[in-house]
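Worksheet for the structure shown next.
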Amino acid sequence: MRRSIATVCVSGTLDDKLTAAAAAGFDGIELFENDLVVSPWSPAEIRARCAGLGLSIDLYQPFRDFEGVPADVLELNLRRAARKFDVMEALGTDTMLVCSSVSPDARDDDALAAEHLSRLATQAAERGIRIAYEALAWGRNVSTWDHAWRIVRAAGHPALGLCLDSFHILSREVSPDGIADITPGKIFFVQLADAPHLRMDVLQWSRHHRLFPGQGAFDLPGLITNIQASGYDGPLSLEVFNDVFRQADPARTAVDAMRSLIALEDRAGLHPLPPAPTLRGHAFTEFAVDGGTGPQLREALRGLGFAHTGQHRTKPVELWEQSACRVVLNSAVTRPGAAISAIAVSTDDPEAALRRAVALRAPAHVSAHGPREVSLASVTAPDGTDVFLTDHSTDWRADFLSTGDSPGIGTGLLSTDHIGLTQPFDHFDEAGLFYDSVLGLGRLATEEFAAPFGLMRSRALATTGREVRLALTVALLRRGEWAPGVPEPQHIAFSTSDIMATAARVPQRLAIPDNYYADLAARFALPDDTIEPLRRHGVLYDRDAHGGELLHFYTPVHGGRVFFEIVERRGGYDAFGETNAPVRMAAHRHLRLTTGRATPQLAGDA
Ligand SMILES: O=C(O)c1ccc(O)c(O)c1
Ligand SMILES: [Mg+2]
């Protein structure tokens, strides 16, 4: 099927948008009228530019407030349409989108609407043009797909058909099942958008919060199946109005859009991709460090009971270990500060995973290494983090010479529980789709919480068996000038089966205010002898609806950006303790203000 994108989806002028759409591999575009109106190019020049880029203009849109009006207004509307047909002729496009009227002048009279649309279609047909009628979810009289279909069917005009827009369909209560029974050939165009479930005015929801397929909550594969059943074989076109995408780099947004469509076609069974990889667990996590932050991270790892077990054969790269927790410190990367530069996950077939990633337009590589070094498949995530894919046959440890050091009993850390990555504001939804579609991490809950420096959104992704977990966070609004929080913090959470024993052995624990424990006691009705050890160790607590419990503590921030978390999950607790994140943020800020550096606040009591 042809893949199209509406020019409203991406930022920029028409030139930027066309370049981005073509570079991302789209076959065609929907030309939104505003983009034409503000363009210095004539319609003929736009046509030539599109042709030069290999893009067809599949739809001209929107034409508004046409049908059901008094006779004199109808004549004006037909004349207005004739002008647009002139433009369309010069553009070389043959389908015009007419959305259901929102005008107070429009009468609630299906027969009248059918008659008017039929007249428009007659006038269009004389110019070789077709009319695709779309029910806006907030249309004055026509707001559902089935109502639009009744009118189109009643008009019975060969040049009049439907434009189906997944947002308008799935934001309403009318079931999409009947779409399969629409007369073959009467669906002229299909627009696709996803959206989160929101309780708000539907126009605001549509104009600000649409997302690319797979980024929201709508069942788009199910809808596609119905549309296919009707025999539709025209373009699948993305039409996404989104406040963030409107401001973001159009080239990236267009690739994100293309990925969403390819993933949707896979899910709907239209074009199957190589299957998503089965991830077996976190293999290691790599920090890029510099001369200043390297020593801080080393000290922090030592404090957590890690040992420096391996030294890379050829590079200034260190392996630190405790049980199945593995951290790599890489000083070879020339970037200032400290940051999680790569996460490595083990999977059965890295090659197949890479093929899927490439098919999904993800930047995939097989890393070039020196002699005697293993080559690792990797994919770069939207925030720049490299995701390495290792399997049992790639012995990445062979790159490291043993230092002879061993962690001994350590502090009881067992394995990597999750990785927390704050996302760049423009790329949060892109990141969710990336991890979901490319790596097969399912989306768990999305939470919002009020943090000291602004509202935050967090989205958890994980494998079904929870072998790999990620927590992505982002500010709900772009940061302003007052930004005292840690810039884009990142963390690794390690698991323990005895949080109190681990805490007793880890001196570098973030101090948590007494107020938190007073509130905890009240909220969960916890007795003093439960609260007291938590308070003494700076351990935070959460409980889910099923009685599952999370006990966790944090370290100070190291290298200006990264920190560690230690978690003990009890009774199947499956979340991330997001409710405690504001406490952590305030405590990190307090620590910075009172000490000016990341020193331990709680004495080790081992
Ligand atoms: O929000 C709008 O006005 C609008 C315009 C054209 C569309 O196809 C649509 O779905 C919405
Ligand atoms: Mg639409």
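When a ligand or atom number is given, it counts from 1 through the structure's own listing order.
Closest heavy-atom contact between Arg361 and Ala24: NE-O, 4.1 Å. Ala359 and Leu273 get closest at one heavy-atom pair: CB-CD2, 3.6 Å. Smallest separation of non-hydrogen atoms from Ile182 and Ser230: O-CB, 3.9 Å.
The number of heavy-atom neighbours closer than 6.0 Å to CD of Glu351, taken from other residues, nucleotides and ligands shown, is 12 or below. Atom CZ of Arg107 has 12 or fewer neighbouring heavy atoms from other residues, nucleotides or ligands inside a 6.0 Å radius.
Only protein N, O or S atoms were scored, and 4 of them lie under 2.8 Å from the Mg ion (ligand 2).
Taking the six-membered ring where the residue is Trp, the centroids of Trp205 and Phe167 are separated by under 6.0 Å. Between Phe32 and Tyr60, the ring center distance fails the sub-6.0 Å criterion. Taking the centre of each ring, His418 and Phe576 come in below the 6.0 Å mark.
For the pair Arg80 and Phe63, the cation-pi criterion (under 6.0 Å, within 45° of the ring axis) is fulfilled.
Near ligand 1, heavy-atom contacts under 4.0 Å come from Gln61, Pro62, Arg64, Leu97, Glu134, Leu136, Trp138, Asp165, His168, Gln191, Arg207, Arg210, Glu239, Phe241.
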